[in-house]
Structures are given as C-alpha cells and as structure tokens.
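Let me begin by presenting the structure, written as structure tokens, before commenting on it.
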Amino acid sequence: MTTSDVELPGFADLGLGEPILKAIADAGYTHPTPIQAGAIPAVLAGRDVIGIAQTGTGKTASFTLPMLHILAHGRARARMPRSLILSPTRELATQTAANFETYGKYLNLSMALLIGGVGMGDQEKALEKGVDVLIATPGRLLDWFERGKVLLGGIQILVIDEADRMLDMGFMPDVERILNLLVGRRQTLLFSATMPPGVRRIIERFLQDPATIEVARPATLAENVEAVFVPVSGRDKRRALVKLIAQQAVSKAIIFANRKREVASLNRYLQSVGLNARDIHGDLEQVHRQATLDAFKADQVDFLVATDVAARGLDISDMPVVINYDVPFNPDDYIHRIGRTGRAGRSGRAFTLETPEEAKSVAAIEKLTGKPVRRLELPGEEPVTNGAKPAKPARERRPRREAANGEPRPAASRRGRAPAAMPSSRPAARRPAAKPEPLPEAPVVAFGDHIPRFLLRPVPVATPSKAKAG
DNA sequence: AAAAAAC
C-alpha cells in the first residue's frame with residue numbers, strides 16, 4: 001500500500017492516547033508523515049509491519065508513537081524488557097532513545113539504551129530495575145544476554161530498524177540469534193530502505209501476515225535534490241574539494257570519504273585551510289563521535305567529514321549539501337549518503353567528486369538510479385603533473401578581503417572557530433562566496449571562473465601520513 | 001578496495 005498520495009489525517013485521528021498526542025503537540029507537530037499515517041494504525045491494530053522508508057520520512061516516530069501507546073499500561077519486570085528496538089549503529093540507537101524520551105514524556109515508562117563504546121554501569125542498573133523499552137545494537141545486547149542480565153522472553157514488540165543496513169554490516173546472524181531468543185507470539189516491525197533477499201528471508205521467517213507500508217522507492221533519488229558529479233584528476237582531490245566548496249558557496253555539509261584514514265586526514269586538511277570541520281568514523285571514541293554529531297547539529301561545526309557511519313539513519317535535519325569526496329564502492333551507499341539532504345521535501349544539493357579510477361562505481365550508480373549522471377566541470381581541473389606545485393595565477397594581487405568575511409551569520413554558527421593548531425588558517429576560507437552559483441540545467445556545463453583568491457595561492461602541504469604501498 | 005559492531 002502506498003500512502004503518499006492519500007489525504008493525511010491529523011495525529012488525533014490515528015488512535016493514539018492523550019499523553020502521546022500532547023507530547024506530539026508540544027514538539028510542534030500536527031500532521032503525520034505518510035509513513036506515520038500508514039504504520040501507526042497498523043501497529044495499534046497489533047499487526048506485524050514492514051516499513052519501506054528511508055530516514056527523514058518520519059520513520060522513527062512511526063514506530064515509537066504506537067509503541068508508547070501500547071506500552072502505556074503495564075509494568076516491566078526486572079531483566080524482562082517489554083519491547084526491543086534493534087539498530088545498526090550506536091548513533092541511530094541513541095536517536096531512537098531520544099525519540100522515545102520526547103514522545104513519552106507524559107508517560108511513566110522506563111527505557112534502557114544498550115550500545116557499545118560506553119560504560120556498562122548505567123545499563124546494568126536500568127536492566128535490573130526493568131525496562132519497558134530496550135534500544136540496542138546487536139553486539140552489546142548479546143553481551144548482556146550472555147552475562148544473564150537480560151532475558152528476552154517478555155518481549156511483546158520487536159523493531160528491526162534499518163534491516164538492509166544490518167544485513168550489509170553482517171549483523172544478520174546476530175539478529176537471527178536474537179530473534180530466536182524471543183519466545184511466544186510478539187509483534188514484529190521491520191524497517192528497511194531496500195529489500196534485498198537477506199531481508200526478505202527474515203521477513204518470511206519471522207513476520208506473520210505483515211502490513212507493508214512503502215513511502216519511497218528505495219533506489220530513487222528525491223526530485224528535490226540536485227545531484228551532480230564533478231570530474232577531478234585525482235592528483236589533488238583535496239584542493240578540488242575546497243575549490244568546489246568555495247565556488248558553490250557551501251557553508252554546511254557532510255563530506256563522505258570511503259576510508260577511515262582518509263576521513264581523518266581530509267578533516268585535518270580542511271581544518272588547515274581554515275574550514276570549521278570535524279570528523280566522525282568508527283575508530284573514534286564513542287563519546288567523541290557523539291560530541292561531534294551534537295556540535296554539528298548545533299551548528300557549531302560547519303563540515304562533518306564522515307565514513308558511511310553517517311550515511312544512513314542519522315537524523316541531521318535540514319542538511320543543505322552532501323559531498324562525496326570518494327564515489328562509494330556500493331551504489332546503495334550512494335543513495336543513502338545523498339539521502340542526508342533534501343529531507344522532508346526541502347531542496348538539497350549533492351556533489352560527488354569523480355576520478356577516472358572511479359568510473360566503475362559511477363557506472364554502478366547510473367545503473368541503480370536508472371539515469372545518466374549530470375556533470376559539473378570545475379575550472380582548472382585538468383590533470384596536474386605529479387608533485388608539481390599548483391600554478392600561480394597570472395595576476396597575483398594581495399588577496400582581497402572577501403566581502404563574505406564580514407557577512408552576518410547566525411550567532412550559533414560563530415562558535416567553534418578554526419582550530420588553534422592551524423596558525424595559517426585564513427578566515428576568508430570559511431565564508432567562500434556570497435551566493436551559490438546556479439546549477440546547470442544541461443548535463444555538462446562549465447562554470448564561470450570566479451574563484452576566491454585564497455584558492456589560487458599554493459596550498460599547504462598535505463598531512464605527512466605515509467601513503468603505504470603494498 | 002570499506003565501513004559498521006562486543007570486550
């Protein structure tokens with residue numbers, strides 16, 4: 001069933017109880033999104049549900065709201081949680097927990113968040129007291145189970161969130177193991193952006209007569225996102241990236257790279273040219289990851305350099321731009337990365353740097369999306385000889401103070417200046433240009449050649465990380 | 001080719 005073209009009811013029409021409706025109203029929402037309008041009545045009716053939807057569609061509330069309603073009465077026993085939500089990443093689990101807090105504030109329900117990378121003391125205390133809602137990543141949940149601190153026999157509602165991602169990440173054996181620990185009849189809700197065979201198998205084995213709610217076809221790009229590919233030589237991709245940021249007047253973006261080490265060193269580079277950047281990837285401490293994410297959400301950080309840990313699930317609202325520094329190996333990841341922008345019908349822009357070596361990955365994306373990619377040429381992006389210094393501009397003048405330098409910005413964005421470690425950082429780099437150049441209508445268009453001066457100066461040498469061969 | 005997740 002597709003609900004996207006149906007007139008939407010208000011939240012009050014969905015059968016949710018007063019305390020929940022009040023919390024929804026407090027949060028400022030009046031009308032459910034299509035996935036919520038479809039899923040909430042089905043969950044309240046006690047049905048198993050398959051939700052085919054990406055984050056940004058209101059997916060999380062489509063299960064938290066009816067779960068709160070169902071769990072509102074009754075009490076949890078020690079170590080016997082009444083519901084379980086499985087998430088692929090710690091960050092997504094944390095967000096889901098926040099969602100339960102928001103909408104459950106007028107209910108007296110207890111919750112525990114079982115994720116790795118954080119201390120076990122609080123988790124144990126919560127489990128001992130008994131929880132109505134248990135939100136977990138598979139590894140830590142099984143850890144607790146093996147310690148005998150959590151029993152899964154009392155689960156009435158199970159949610160498998162981002163099932164396709166669980167599959168990609170190799171969690172399915174763990175998920176199946178957890179599913180087999182549940183006993184008796186319970187309600188199962190499964191959410192997934194795509195439906196690969198591994199996910200279908202889980203559905204066939206563990207869901208009964210599910211209602212399917214689909215709100216967006218998985219491999220389609222949102223109409224409101226302008227996605228363009230930017231051919232680069234690959235010799236000096238970092239410089240090309242900074243040039244792109246300046247030319248397109250990108251003031252806030254998630255920048256994806258394929259490897260953790262690349263993310264880390266790209267982050268240092270962006271900081272060294274004066275951009276307010278931070279990185280997030282799986283080798284960083286959990287507290288650090290969360291702090292970075294919070295700072296980014298609070299507009300204290302302009303550029304989040306990330307691995308695919310941030311590609312899916314994370315609810316970062318109103319992300320205007322996504323940049324792929326690398327073309328993702330897997331075309332599904334492309335869809336998910338791009339899905340960070342253009343949420344809730346807002347317009348968004350997505351840029352993907354593309355070296356000749358990445359042609360295969362680009363072809364895979366074209367195949368998946370079913371349309372040829374649009375290209376945008378950056379001026380001066382012809383291949384450079386290895387090791388050569390960037391050419392000096394013909395007319396070298398003292399760099400003009402970019403007008404944008406003094407441009408007003410929201411106060412919140414002014415915090416978190418360029419790190420002190422970069423004495424050479426130039427403020428001009430932070431506010432590249434006043435207005436974005438319009439994107440081309442035609443597939444291939446060269447841009448005007450306005451490039452802020454600072455970009456034409458020789459760039460500080462990249463970090464001395466060893467490019468290890470073999 | 002990578003990333004993600006338990007210690």
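Convention: sequence-line order gives letters A, B, ...; per-chain numbering from 1. Heavy-atom basis, side chains included; hydrogens, waters and symmetry copies ignored.
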Hey, does [X] reach any base, or is it just sugar-phosphate, or nothing, if we go heavy atoms under 4.0 Å?
{"X": "A:Gly170", "answer": "nothing"}
{"X": "A:Arg289", "answer": "sugar-phosphate"}
{"X": "A:Asp143", "answer": "base"}

Rounded to whole Å, how long is the line connecting atom [atom1] of [X] with atom [atom2] of [N]?
{"X": "A:Tyr334", "N": "B:dA3", "atom1": "OH", "atom2": "C1'", "value": "19 Å"}
{"X": "A:Arg259", "N": "B:dA2", "atom1": "CZ", "atom2": "P", "value": "6 Å"}
{"X": "A:Asp283", "N": "B:dA2", "atom1": "CG", "atom2": "P", "value": "13 Å"}
{"X": "A:Glu91", "N": "B:dA4", "atom1": "CD", "atom2": "C1'", "value": "10 Å"}
{"X": "A:Met120", "N": "B:dA5", "atom1": "CE", "atom2": "C1'", "value": "13 Å"}
{"X": "A:Leu113", "N": "B:dA6", "atom1": "CG", "atom2": "P", "value": "10 Å"}
{"X": "A:His281", "N": "B:dA5", "atom1": "NE2", "atom2": "P", "value": "12 Å"}
{"X": "A:Leu86", "N": "B:dA6", "atom1": "CG", "atom2": "P", "value": "11 Å"}

Less than 3.5 Å apart, which donor and acceptor atoms pair up between the side chains of residues 118-127 of chain A and the rest of the protein, not counting sequence neighbours?
| residue | atom | partner | partner atom | Å |
| --- | --- | --- | --- | --- |
| A:Gln123 | OE1 | A:Arg140 | NH1 | 3.1 |
| A:Gln123 | OE1 | A:Trp144 | NE1 | 2.8 |
| A:Gln123 | NE2 | A:Leu113 | O | 3.3 |
| A:Gln123 | NE2 | A:Ile115 | O | 3.1 |
| A:Glu124 | OE2 | A:Lys149 | NZ | 3.0 |

Residues that A:Glu366 engages under side chain to side chain donor-acceptor pair (under 3.5 Å), provided they are two or more places apart: none
Phosphate contact (B:dA6 OP1 or OP2) by A:Arg90 side-chain N/O below 4.0 Å: yes
Short side-chain N/O contact to B:dA1 OP1/OP2 from A:Lys360, under 4.0 Å: no
Pair A:Arg185 + A:Asp48: basic N to acidic O under 4.0 Å: yes
Audit row: A:Leu275, A:Ile245, side-chain contact (heavy atoms from CB on, under 4.5 Å) steps and yes/no: CA-CA 10 Å; A:Leu275 292 172; A:Ile245 287 170; 4.0 Å; yes
Nearest to the [X] side chain among [options], which nucleotide is it?
{"X": "A:Phe329", "options": "B:dA4, B:dA1, B:dA6", "answer": "B:dA1"}
{"X": "A:Thr307", "options": "B:dA2, B:dA5, B:dA3", "answer": "B:dA3"}
{"X": "A:Thr137", "options": "B:dA4, B:dA6, B:dA2", "answer": "B:dA6"}

Sub-6.0 Å ring centroid separation between A:Tyr325 and A:Tyr269: no
